[in-house]
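In what follows, every chain begins at residue 1, and chains take the letters A, B, ... in the order their sequences are listed. Keep in mind that this is a model prediction, so the values were computed, not measured.
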Number of protein chains: 2
Amino acid sequence: MKLTLENLKQELKEKNVSLSHQRLKILEYLVENRIHPTVEQIFSDLQKDMPTLSKTTVYNTLRLLAKSGLVKVITIEEKEARFDIDTRDHGHFKCESCGRIYDFPIDIDPLIPEELDKCQIISKDVYFNGFCARCLASEKEGG
Amino acid sequence: MKLTLENLKQELKEKNVSLSHQRLKILEYLVENRIHPTVEQIFSDLQKDMPTLSKTTVYNTLRLLAKSGLVKVITIEEKEARFDIDTRDHGHFKCESCGRIYDFPIDIDPLIPEELDKCQIISKDVYFNGFCARCLASEKEGG
DNA sequence: GTTCCTGCAAAAGCTTTGCAGAAGA
DNA sequence: TCTTCTGCAAAGCTTTTGCAGGAAC
């Protein structure tokens, strides 16, 4: 299933989660801005078109979407949570220089050790930290 | 190199990090209690023997140890940081029922995709969430 | 008219900072 | 003596909660 706004709206409908104007805009933002934004980013970007939007609503909506399984909370850094509309298994790489978070494909299921066989695994996260190719290149170039 | 207090003290010596009484006790605690404790756990346990210990010192020391590379900060949950004296690559499984965090061996290096070849990876974290064998068993048993 | 949602303000919780006094070399 | 460390208090941030007003059906 592709991660389109239509599909996500349909999924919410099936789960009886209503979509107010604010909620729809936040969902749209997540679909169109696959940058694993923070609450602050979502809030300040959307506020430009919705001056009355409050941060509380952003928090409430993200919590609702996470509870409904449509959004994943990324804890790759200590201070702030980040949000990902793509809930399928994949890895995240955070550049310590520019702050960008990149997705990368990784299938760790074959590596899960036997000792976890008797556990029930609900979510799997792979987080890498370092410096991205772009920053390494501009560092070399710029001095 | 084994994770003994002696080896860790030696490593700090080489890095010119001095070990006060408080710092030594916190380091000892981490070596002897491989439970990925929170600041609160470390503080309240150590306070029993060191009534004047302050939480600030626990924070300061953990930051120092992390900066020195002797401790890893685990962000497997959103609210509180946890600390691991074992900085070698391994996975963490957090049980949502009892809150325990288990270590498990996993070597993801062979799975790192080509697209990250030009990045510099500094740290790798694998976090699983779910229910541990112990909790699943007692649930079945207890009803 | 009833229910649910929004958004302000305040509170809560973790972590950091400022600083004076204490400890140690 | 001089430097470094501790620990109290206060501040800083992110996130949650209480609640009155408003929107939607």
- Message: Could you check whether A/Q10 and A/E6, counting side-chain N and O atoms only, form a donor-acceptor pair closer than 3.5 Å?
- Response: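 No, no side-chain donor-acceptor contact under 3.5 Å.
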
Any [X] side-chain nitrogen or oxygen under 4.0 Å from OP1 or OP2 of [N]:
| X | N | value |
| --- | --- | --- |
| B/R63 | C/dT17 | yes |
| B/Y59 | C/dT16 | no |
| A/Q22 | C/dG7 | yes |
| A/T52 | C/dG7 | yes |
| A/T57 | C/dG7 | yes |

Output the rounded distance in Å from [atom1] ([X]) to [atom2] ([N]).
| X | N | atom1 | atom2 | value |
| --- | --- | --- | --- | --- |
| A/L65 | C/dC5 | CG | P | 12 Å |
| B/L24 | C/dA23 | CG | P | 18 Å |
| A/Q41 | D/dT15 | CD | P | 12 Å |
| A/L53 | D/dG22 | CG | P | 18 Å |
| A/L46 | C/dT6 | CG | P | 13 Å |
| B/N60 | C/dG18 | CG | P | 12 Å |
| B/E40 | C/dA12 | CD | P | 17 Å |
| B/Q47 | D/dG7 | CD | C1' | 12 Å |

- Just checking B/S18: base, sugar-phosphate only, or nothing, at a heavy-atom cut-off of under 4.0 Å?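 If one applies the 4.0 Å heavy-atom cut-off, B/S18 turns out to touch the sugar-phosphate alone, with no base involved.
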
- Message: Regarding B/K79, tell me which of base, sugar-phosphate or nothing describes its non-hydrogen contacts under 4.0 Å with the strands shown.
- Response: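 Sugar-phosphate, backbone atoms only, no base.
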
- Query: For the residue pair B/H36 and B/H92, does the interplanar ring angle fall in the parallel (under 30°), tilted (30 to 60°) or perpendicular (over 60°) class?
  - Reply: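 Ring orientation of B/H36 relative to B/H92: perpendicular.
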
- Message: For a 4.5 angstrom cut-off between non-hydrogen side-chain atoms, does A/L62 reach A/L30?
- Response: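 Yes, their side chains come closer than 4.5 Å.
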
- With nearest nucleotides of DNA chain D determined for A/R82 and B/H21 from heavy-atom distances, which residue corresponds to the more 5′ nucleotide?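 Comparing both residues, the 5'-ward one is B/H21.
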
- Message: Are there over 12 heavy-atom neighbours, none belonging to B/K15, within less than 6.0 Å of that residue's NZ?
- Response: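 Counting neighbours around NZ of B/K15, more than 12 heavy atoms of other residues, nucleotides or ligands fall under 6.0 Å, so yes.
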
- Message: Tell me whether B/K25 at atom NZ has more than 12 heavy atoms from other residues, nucleotides or ligands lying less than 6.0 Å away.
- Response: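 No.
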
- Item | Any donor-acceptor N/O pair under 3.5 Å between C/dC8 base and A/T56 side chain |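 Check passes, donor-acceptor contact within cut-off.
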
- Query: Toward the 5' end of DNA chain C, which comes first, A/T61 or B/A81, by nearest nucleotide?
  - Reply: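 The answer here is A/T61.
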
